[in-house]
Amino acid sequence: MSYDYGEIVPYLLTWFDYNARILAWRDNPKPYYVWVSEIMLQQTRVEAVKGYFDRFIKALPNIQALAEVEEDKLLKLWEGLGYYNRARNLQKAAQIVVRDYAGELPGDYHMLLSLPGIGEYTAGAIASIAFQKPVPAIDGNVLRVMKRIAGSTDDITRLSVKKELWTDIERIIPKDRPGDFNQSLMELGAMVCVPNGKPDCEHCPVVHICKAFHEDTIALIPNKPAKKPRKKEERTILVLEYQDKYAIRRRKQNGLLAGLWEFPGVEMKLNLKELKRELTSQGILAAEIQPIGDAKHIFSHVEWHMTGYHIKMKELPNNSPYLDSVIWAGRNEILSDYSIPNAYETFRKNILFNEENLNIK
DNA sequence: AAGACGGGGAA
DNA sequence: TTCCCAGTCTT
């Protein structure tokens with residue numbers, strides 16, 4: 001069912017004028033800045049993005065620089081932000097923009113949509129915010145805010161629900177300030193009509209037309225089915241040290257944490273005795289084996305339960321599965337050159353603080 | 001239509 | 001713990 005949102009636009013714009021947060025990409029909405037920020041903001045909170053955005057723009061100030069940067073440097077700039085394919089797709093798109101659009105990001109919704117990493121939401125956001133095109137930009141905030149105003153308990157994971165909201169917004173989006181209107185809905189969702197906990201309805205500019213408020217159904221909206229439980233995976237992480245260097249290897253180019261660096265290990269939990277037997281059978285002569293604790297890392301769809309060992313080696317064996325394709329890197333190199341995901345942070349810290357104290361991050 | 005894909009903040 | 005975030009891509 002489509003819904004008539006009436007005179008919602010001026011209330012939102014006025015509220016936005018007085019309450020919009022000051023953000024670097026909002027302060028200077030160059031297409032490149034809006035683009036980079038929107039990619040970083042996918043499934044990621046504003047607070048988490050701020051620092052990454054500033055550092056990224058400083059390192060790669062324009063599309064040309066992004067198109068040409070080495071992948072390891074790109075991933076290092078993205079380290080800890082998650083969803084690493086966003087970084088790779090961003091660069092792929094930059095290369096297309098350089099090749100096909102003379103280095104200028106196009107402002108047309110469908111051209112944007114054709115670029116890697118830019119879906120319906122992001123295409124709408126860039127087109128409206130950076131190019132003043134009257135196109136909707138529907139993210140989780142917009143869905144939540146609009147469905148609460150309409151008092152609708154529709155399952156928002158259904159495609160038809162988002163499509164219908166798209167046409168409802170197309171009808172009311174102001175031609176003179178489409179980007180501000182889209183942002184006002186998202187800002188309201190982030191600051192007032194929040195997803196977890198009680199929304200701050202006393203300070204909502206559209207509370208007088210909000211059906212969920214008047215019908216007391218805010219807790220029921222947005223309506224979405226429960227998620228499935230995560231899988232659990234056991235792992236043993238080996239911090240192998242040889243002559244003040246540490247073994248790291250590159251993960252494969254697809255799947256989880258694709259292309260990032262990690263410590264070698266096995267996909268099962270080994271106790272000290274099992275580990276010793278394993279190392280012996282692999283011809284690894286260990287001078288010293290030190291358990292360095294357990295760690296758990298929760299991804300959206302899987303949990304890693306890890307146990308770590310610090311292993312000082314006497315010599316390098318000729319061939320061993322654990323050392324196949326590893327490189328040996330010093331502490332400072334690991335810190336500055338190799339993107340290691342946060343899942344390994346417990347064990348990376350063990351290296352970084354192994355000797356004298358070092359100032360990290 | 002469902003699953004893969006990170007990490008962290010808040011309740 | 002659970003939820004979910006300025007979502008997109010693959011299967």
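What you see is a predicted model; the values in this text were computed from it and never measured. Numbers restart at 1 for each chain; the letters A, B, ... are given by sequence-line order, proteins then strands.
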* Asked: What integer number of Å spans the P atoms of B:dG3 and C:dA6?
  -> 24 Å

* Considering only C:dT8, C:dC4, C:dA6, which nucleotide approaches the side chain of A:Thr122 most closely? -> C:dT8

* Determine: side-chain N/O of A:Asn342 to OP1/OP2 of B:dG8, distance under 4.0 Å, yes or no. => yes

* To do: Kindly point out which of C:dA6, B:dG7, C:dT2 is positioned nearest to the side chain of A:Arg230?
  => C:dT2

* What is the distance from CD of A:Glu303 to P of B:dA4, rounded to the nearest Å? -> 14 Å

* Whole-Å distance between C:dG7 C1' and A:Asn141 CG? -> 12 Å

* Between A:Tyr109 and A:Trp166, does the ring centroid distance fall short of 6.0 Å? -> yes

* Step through it carefully: locate the ring centre of A:Tyr11, locate the ring centre of A:His208, and say whether they are under 6.0 Å apart. => yes

* **Nucleotide C:dC4, atom P - distance to CG of A:Leu143 in whole Å** => 12 Å

* To do: Could you check whether the rings of A:His301 and A:Phe299 sit parallel, tilted or perpendicular, using 30° and 60° as the cut-offs?
  => tilted

* Asked: B:dA4 phosphate, OP1 or OP2: any side-chain N/O from A:Ser300 under 4.0 angstrom?
  -> no

* Does any donor atom in the side chain of A:Arg177 or A:Gln132 lie under 3.5 Å from an acceptor atom in the other side chain? -> no

* Determine the contact category for A:Leu23: base if any of its heavy atoms lies under 4.0 Å from a base atom, sugar-phosphate if only primed atoms, P, OP1 or OP2 are that close, otherwise nothing. => base

* To do: Ignoring the backbone of A:His297, work out which of B:dC5, B:dG7, C:dC4 is nearest its side chain.
  => B:dG7

* Structure fact -> Closest to the side chain of A:Arg45, out of C:dC5, C:dG7, B:dG6, is C:dC5

* Structure fact -> Closest to the 5' end of DNA chain B, once A:Phe299 and A:Gly197 are matched to their nearest nucleotides, is A:Phe299

* To do: Select base, sugar-phosphate, or nothing to describe what A:Gly189 touches, counting heavy atoms under 4.0 Å on all strands.
  => nothing

* Let me know the distance between NZ of A:Lys50 and P of B:dG8, rounded to the nearest Å. => 17 Å

* Asked: To the side chain of A:Val46, which of C:dA6, B:dG7, C:dT1 is closest?
  -> C:dA6

* Asked: Out of C:dT2, B:dC5, B:dG7, which has the shortest distance to the side chain of A:Tyr83?
  -> B:dC5

* To do: Would you indicate, yes or no, if B:dG3 has its OP1 or OP2 atom less than 4.0 angstrom from a side-chain nitrogen or oxygen of A:Lys228?
  => yes

* Asked: Could you state the CD-C1' distance from A:Glu47 to B:dG6, rounded to the nearest angstrom?
  -> 18 Å

* Does the pair A:Asp155 and A:Arg158 meet the rule for a salt bridge (Lys or Arg N to Asp or Glu O under 4.0 Å), with working shown? -> CA-CA 6 Å; A:Asp155 175 355; A:Arg158 279 166 43 207; 5.8 Å; no

* Tell me which of A:Ala258 and A:Leu159 sits closer to the 5' end of DNA chain B, going by the nucleotide each one is nearest to. => A:Leu159

* Aromatic ring proximity, centroids under 6.0 angstrom, A:Trp25 and A:Phe53 -> yes

* Does A:His301 make a side-chain N or O approach to OP1 or OP2 of B:dA4 shorter than 4.0 Å? -> no

* Structure fact -> Looking only at C:dC4, B:dG6, C:dA6, the nucleotide nearest the A:Asn196 side chain is C:dC4

* If you check the A:Asp139 side chain, which of C:dC5, C:dA6, B:dG7 turns out closest? -> C:dA6

* Asked: Relative to the 5' end of DNA chain C, which residue comes earlier, A:Leu113 or A:Arg21, by the nucleotide with the nearest heavy atom?
  -> A:Arg21

* To do: Specify the separation, in whole Å, of atom NZ of A:Lys224 and atom P of B:dA2.
  => 14 Å

* To do: Check every strand shown and say whether A:Arg144 touches a base, only sugar-phosphate, or nothing at a heavy-atom separation below 4.0 Å.
  => sugar-phosphate

* Which of residues 32-42 of chain A sit near DNA chain C, with a heavy atom under 4.0 Å from it? -> A:Glu38, A:Leu41, A:Gln42

* Base, sugar-phosphate alone, or nothing: which one does A:Lys296 contact when heavy atoms must sit under 4.0 Å apart? -> sugar-phosphate

* Asked: Please give, in whole Å, the distance from C:dA6 C1' to A:Met146 CE?
  -> 16 Å

* Asked: What integer number of Å spans the P atoms of C:dT8 and B:dG8?
  -> 22 Å

* To do: Could you check whether A:Lys162 gets within reach of a base, just the sugar-phosphate, or nothing at all, counting any heavy atom under 4.0 Å?
  => nothing

* Asked: From B:dA2, C:dG7, B:dG6, pick the nucleotide closest to the side chain of A:Tyr121?
  -> C:dG7

* Take A:Glu79 and A:Arg348, measure what salt bridge (Lys or Arg N to Asp or Glu O under 4.0 Å) needs, and give me the verdict at the end. => CA-CA 13 Å; A:Glu79 181 186 78; A:Arg348 186 171 73 160; 3.5 Å; yes

* Asked: Relative to each other, are the rings of A:His310 and A:Tyr246 parallel, tilted or perpendicular (30° and 60° limits)?
  -> tilted

* Touch check for A:Thr157, heavy atoms < 4.0 angstrom, all strands: base, sugar-phosphate only, or nothing? -> nothing

* To do: Remember a base hit wins even if backbone is also touched, and classify A:Asn85 as base, sugar-phosphate or nothing at under 4.0 Å, heavy atoms.
  => nothing

* Asked: Are side-chain N/O atoms of A:Gln290 and A:Tyr309 paired as donor and acceptor at under 3.5 Å?
  -> no

* Roughly, in whole Å, what's the span from CZ in A:Arg86 to P in B:dG7? -> 10 Å

* Is A:Asp154 salt-bridged to A:Lys147, going by a charged N under 4.0 Å from an acidic O? -> yes

